[in-house]
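This report concerns only the one structure given below.
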Protein chains: 2
Amino acid sequence: MMITANDQQDVKKEKILEAAHHRFLHFGYSKTTMNEIAGDLSMSKALLYYYFPDKSQLYVAVMRKVADGYLKSLTDRINTFADLKEAFIFQIDTQHEFIVTNYNFFDFFRLNEQNLPDAIWEIVTQVHESETHMLVSAIKTEVDRGKIKPVSNPTEIVELLLDALHGVRVKSVSHKKTMFPNKEHLEEIRSKRLLLADIFIKGLMY
Amino acid sequence: MMITANDQQDVKKEKILEAAHHRFLHFGYSKTTMNEIAGDLSMSKALLYYYFPDKSQLYVAVMRKVADGYLKSLTDRINTFADLKEAFIFQIDTQHEFIVTNYNFFDFFRLNEQNLPDAIWEIVTQVHESETHMLVSAIKTEVDRGKIKPVSNPTEIVELLLDALHGVRVKSVSHKKTMFPNKEHLEEIRSKRLLLADIFIKGLMY
DNA sequence: AAATTGATAGTTTTGTTAAAAAAGTCAGGA
DNA sequence: TCCTGACTTTTTTAACAAAACTATCAATTT
């Protein structure tokens, strides 16, 4: 098997993405420099700019990779749920772990808050749509099974629950007024969310 | 009827509170100066300090007054609801109007975010407890009427819904990425909340 | 004595500028 | 085509002066 120039490029790009991911994950966007990433790979900073146009697009590329992993974990399990509740629990736990394990990586979000680059918004939107799609599918299945009432607009229902679940976190955090939720706190949020999902599902039944 | 010195003081304090409220409401805490408040009343700034120890405590006093009005609107209606849904709708609409009409006034909150003065936290807590109490009472009544299942911990349930309703706003705002929600946007938030409350109540039924 | 004020002290915010650090470019070498 | 050192440009940081504001107080009026 012949190794082409493009393969070589891709391998190097991959190495760069790994190093960048490592830095972004541990120190956040603003606290990692292009020099440091280059240093980790024993290459010159200029070479980074040969492979990626600028810092923010390098970040986006890493984000893309991270998001793809998350998206895969969702699509892998779509339509495999015993019931709606299992689907919601999966969504709650999977998203939760995704956010916790990438907490520092997302400081770019918290930093820019409004006006994120379009490329980032696309990824965020895509992730959101994928989550929604998975849950909408679970709802439809549950309707077909006759377990819950037919829903005129499943997407609306799913997004409503996702917004509500989000509220459980932000309120919980603001009340405890701590930036970094600890283990017990996270467990409290989780159990509240499960309770909310539980009541919500019952509210969809006949 | 004799007018005592204390009555006079209270009248003047009240005038100051009004002027301060006016300024805080229109320009927020950080954008109003003690000089301006004094100027509005044609008095010297030093006199403000004769009646109130400092700016933040003046703000708290105004907050106290504003909160009392809100608390009264809650207690006036407690136990007057035809059903649980009516109580939730009342809570949603009343709180919503409270927040909208006092939006700028609350910039003090957004500004300090974490570490608010204790006096403010007490008021916030009191308001939250009053809202919760009203809804807990409505839930208990509904249980007694046999309309919904007995609830082991009504307070937990109410707080869960309040958190969830909060999420509907913050998510809705962050998605539209606009600081000041407009009329239609607010109406959208309201209808989402009503839908959520509706499903939630059904989820509490037998 | 209680209410009020002008003057002023003390503190926080804002603006300015210089130095440092980081992002980003480029001519040229392997 | 891949890579680098040296260079330019932009952004961040630090230091400090000016301005704005909070807060105090001795003196004055009611």
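Residue numbering restarts at 1 for every chain, and letters A, B, ... go by the order of the sequence lines. None of these values were measured; they are calculated from a predicted model.
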In plain terms, say whether [X] and [Y] are close enough for a salt bridge, that is, a side-chain N and a carboxylate O under 4.0 Å apart.
X: A/Asp68; Y: A/Lys72; value: no
X: B/Lys202; Y: B/Asp198; value: yes
X: A/Glu14; Y: A/Lys65; value: yes
X: A/Glu86; Y: A/Arg77; value: yes

Check the distance between [N]'s [atom2] and [X]'s [atom1] and give it to me in whole angstrom.
X: B/Leu58; N: D/dA23; atom1: CG; atom2: P; result: 10 Å
X: B/Asp54; N: C/dT11; atom1: CG; atom2: P; result: 15 Å
X: B/Tyr49; N: C/dT8; atom1: OH; atom2: P; result: 18 Å
X: B/Leu47; N: D/dT29; atom1: CG; atom2: C1'; result: 13 Å
X: B/Phe52; N: D/dT22; atom1: CZ; atom2: P; result: 15 Å
X: B/Lys55; N: C/dG10; atom1: NZ; atom2: P; result: 21 Å
X: A/Lys13; N: D/dT1; atom1: NZ; atom2: C1'; result: 14 Å

(request) Verify the contact: side-chain N or O of B/Lys45 to OP1 or OP2 of D/dT24, cut-off strictly under 4.0 Å; return yes or no. (result) no
(message) Taking only side-chain N and O atoms of B/Tyr50, does any of them lie within less than 4.0 angstrom of OP1 or OP2 on C/dT4?
(response)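 For B/Tyr50, the contact criterion (side-chain N or O under 4.0 Å from OP1 or OP2 of C/dT4) is not met.
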(request) Measure from NZ or CZ of A/Lys31 to the centre of the six-membered ring of A/Phe24 and say whether it is under 6.0 Å with the direction within 45° of the ring axis. (result) no
(message) Ring of A/Tyr51, cation from A/Lys12 - is the NZ or CZ under 6.0 Å from the centre and inside 45° of the axis?
(response)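 Relative to the ring axis of A/Tyr51, which defines the angle, A/Lys12 lies outside at least one limit.
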(request) Provide the closest heavy-atom pair for A/Ser191 versus A/Glu188 in the form atom of the first, atom of the second, distance. (result)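 The pair with the smallest heavy-atom distance is OG-O, 3.0 Å.
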(request) Please work out if A/Tyr51 contacts a base, only the sugar-phosphate, or nothing of the nucleic acid, heavy-atom cut-off 4.0 Å. (result) sugar-phosphate
(request) Under 4.0 Å from any atom of DNA chain C, heavy atoms only: list the residues of residues 27-44 of chain B that qualify, in numerical order. (result) B/Met43, B/Ser44
(message) Here's a test of your reading of the structure: between B/Ser56 and A/Lys12, which maps to the more 5' nucleotide of DNA chain D?
(response) A/Lys12
(request) Would you confirm whether A/Arg193, through its side chain, and A/Leu165, through its main-chain N or O, come within 3.5 Å as a donor-acceptor pair? (result)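 At least one qualifying donor-acceptor pair exists.
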(message) Could you check whether any side-chain N or O of A/Lys55 sits under 3.5 Å from a backbone N or O of A/Thr32, counting only pairs where one atom can act as donor and the other as acceptor?
(response)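 Side chain of A/Lys55 to backbone of A/Thr32: a pair is present.
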(request) Would you work out how much the helix from C/dA1-D/dT30 to C/dA30-D/dT1 bends between its ends, with each end axis defined by five base pairs, to 10 degrees? (result)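 It comes to 30° between the two terminal axes.
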